[in-house]
Amino acid sequence: MKTFQDKVLSLVKKIPKGKVSTYKAVGKALRRRGQVYRAVGRALKENIYPVAIPCHRVVCSDGSIGGYSRGVRKKIALLKKEGVEVKKNKVVDFKKKLFTFF
DNA sequence: CCCATGACTAATT
DNA sequence: AAATTAGCCATGG
């Protein structure tokens, strides 16, 4: 069954390593109007596919980490591992590493 | 169908 | 610049 969550997860899966995306971008990619990012964040929190989805590549619009089911620390660690530095809970060169699906 | 919740964001104070 | 308020979408009970 194709749900909103499935679409979100599919997109998140497509985010290339070393890059990050935002909840807003995902919503835009889904062609939803208004603030879909709410539902997006909620969908990821459900996290029905724990390892299959690199949810850690999705951050807030301002570059802050936001949240993570396994803990923000873990998320930051994973990002750093992939080449994305995080300082003070903010992604370094966030705009450059931002992936908008377009 | 109505209410509550959430890993959000933009605007206001 | 930090904290608060309000707005909006999808999902579950």
Side-chain angles (χ1 to χ4, degrees):
Chain A
M1 154 181 178
K2 284 287 184 184
T3 64
F4 178 80
Q5 292 187 290
D6 288 322
K7 296 177 189 174
V8 174
L9 300 175
S10 300
L11 283 171
V12 173
K13 269 190 296 193
K14 289 173 181 118
I15 301 176
K17 171 186 155 199
K19 292 225 169 188
V20 295
S21 189
T22 70
Y23 303 96
K24 197 182 184 179
V26 175
K28 212 176 170 193
L30 292 178
R31 291 291 194 297
R32 300 275 142 214
R33 321 201 218 167
Q35 359 247 84
V36 202
Y37 26 81
R38 276 276 198 173
V40 174
R42 213 195 67 70
L44 290 180
K45 181 199 168 214
E46 297 272 308
N47 201 20
I48 41 191
Y49 311 108
V51 291
I53 315 295
C55 338
H56 56 273
R57 292 188 191 147
V58 184
V59 297
C60 293
S61 284
D62 60 346
S64 55
I65 299 306
Y68 193 57
S69 302
R70 318 287 260 194
V72 182
R73 278 301 308 180
K74 194 76 178 173
K75 183 168 182 176
I76 295 176
L78 286 166
L79 286 173
K80 195 168 184 178
K81 228 176 184 180
E82 299 190 346
V84 180
E85 267 187 73
V86 178
K87 291 279 189 188
K88 298 252 177 200
N89 231 55
K90 288 268 171 60
V91 176
V92 180
D93 291 328
F94 166 63
K95 280 182 174 177
K96 293 183 185 178
K97 302 189 192 305
L98 181 58
F99 182 72
T100 58
F101 303 98
F102 292 111

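A note on names: the letters A, B, ... follow the listed sequences, proteins ahead of strands, and every chain is numbered from 1. Atoms considered below: every heavy atom in the structure, side chains included; atoms not considered: hydrogens, waters and symmetry mates.
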Q. Do you know which two heavy atoms are closest between K96(A) and K19(A), and how far apart they sit?
A. O-NZ, 4.0 Å

**Q.** Separation of atom CG in L9(A) from atom C1' in dA7(B), rounded to whole Å
**A.** 13 Å

Q. Is the phosphate of dT9(B), meaning OP1 or OP2, less than 4.0 Å from a side-chain N or O of S61(A)?
A. yes

Q. Of all heavy-atom pairs between C60(A) and F94(A), which one has the smallest distance, and what is that distance?
A. O-CZ, 3.5 Å

(Q) Under a 3.5 Å distance rule, please check whether S64(A) uses its side chain to pair with a backbone N or O of N89(A) as donor and acceptor. (A) no

Q: To the nearest Å, give me how far apart CD (E46(A)) and C1' (dC8(B)) are.
A: 16 Å

Q: Measure from NZ on K75(A) to C1' on dC8(B) and round the result to the nearest Å.
A: 11 Å

Q) Roughly how far, to the nearest 0.5 Å, is NZ of K24(A) from OG1 of T100(A)? A) 12.0 Å

(Q) Please determine whether a side-chain nitrogen or oxygen atom of K24(A) lies at a distance below 4.0 Å from atom OP1 or OP2 of dA10(B). (A) yes

Q: May I ask you to say what F4(A) touches in the nucleic acid, namely base, sugar-phosphate or nothing, with a heavy-atom cut-off under 4.0 Å?
A: sugar-phosphate

Q) Between K28(A) (NZ) and dC8(B) (P), how many Å, whole number? A) 20 Å

Q. DNA chain B: R42(A) or D62(A), which has the more 5' nearest nucleotide?
A. R42(A)

Q | Rounded distance in Å - CD (Q5(A)) to P (dT5(B)) | A | 19 Å

Q) Which whole-number value in Å describes the distance from Q35(A) CD to dA11(B) C1'? A) 11 Å

Q.
Side chain of A39(A) only, heavy atoms from C-beta on: which candidate in dA7(B), dG6(B), dT9(B) is closest?
A. dG6(B)

Q) CG of L44(A) versus P of dC9(C): gap in Å, rounded? A) 18 Å

(Q) Can you tell me which nucleotide in dT11(C), dG6(B), dC8(B) comes closest to the side chain of Y37(A)? (A) dC8(B)

Q) How many Å lie between CG on L30(A) and C1' on dA10(C), as a whole number? A) 12 Å

Q) Between A25(A) and F101(A), what is the shortest heavy-atom contact and its length? A) O-CD1, 4.1 Å

